Amino acid sequence: MAGAEGPFIVATDYIKALPATVAVHFPRPPVLLGCDGFGRSETREALRDFFEVDAKNIAYAALWGLHLEGKLAAAALVAA
């Protein structure tokens with residue numbers, strides 16, 4: 001991964017602490033997304049939406065990572 005460009009996004013249905021344990025092995029700090037709780041939703045899809053780990057939030061996390069790297073303007077992030 002050392003030569004990879006762009007942000008790293010780590011998403012899990014489990015608590016963020018799980019991917020945080022491997023984050024130290026990434027060449028750059030990744031954006032971590034996780035479900036820090038349980039029993040809040042009747043379906044896995046609803047759970048992912050509630051904890052912002054669904055597809056739209058993973059895409060937004062990638063944009064946020066690009067913004068942190070200085071590769072995406074704040075205005076573009078707000079527009080997203």
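Position 1 is the first residue of the sequence; numbering continues from there. Every value quoted in this text rests on a predicted model; they were computed, and no experiment measured them. Heavy-atom basis, side chains included; hydrogens, waters and symmetry copies ignored.
Note that CZ of Phe50 is 16.0 Å distant from CD of Glu45, once rounded to the nearest 0.5 Å. The CD atom of Glu5 lies 11.0 Å from the CG atom of Leu66; values are rounded to the nearest 0.5 Å. Residue Ile15 holds its CD1 atom at 11.5 Å from CG of Leu32, rounded to the nearest 0.5 Å. Interatomic distance, OG1 of Thr43 versus CG of Asp49, reported as 9.0 Å (0.5 Å rounding).
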Apply side-chain contact (heavy atoms from CB on, under 4.5 Å) to residues Leu77 and Trp64 and explain how you reach the verdict.
CA-CA 7 Å; Leu77 187 62; Trp64 172 251; 3.4 Å; yes
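Crowding of Phe26 atom CZ: a count of heavy atoms from other residues, nucleotides or ligands under 6.0 Å exceeding 12. Taking a 6.0 Å sphere around CZ of Arg28, one finds it holds more than 12 heavy atoms contributed by other residues, nucleotides or ligands.
Inter-residue side-chain proximity for Glu52 and Ile58 is flagged as unmet; no heavy-atom pair is nearer than 4.5 Å. Looking at Leu33 and Ile9, their side chains come closer than 4.5 Å, going by heavy atoms from C-beta outward.
Applying side chain to side chain donor-acceptor pair (under 3.5 Å) to Arg48 and the options Asp54, Asn57, Asp13 leaves one that passes, Asp13.
When all heavy atoms of Ala80 and Leu63 are compared, the pair lying nearest together is CB-CD1, 3.5 Å. For the residue pair Pro27 and Met1, the shortest heavy atom distance occurs at CG-O, 3.5 Å. When all heavy atoms of Ala62 and Pro7 are compared, the closest pair comes out as O-CG, 3.5 Å. Taking every heavy atom of both residues into account, Val10 and Pro30 meet most closely at CG2-CB, 3.8 Å.
The same ILVMFWY cluster, assembled from side-chain heavy atoms under 4.5 Å apart, contains both Leu47 and Val53.
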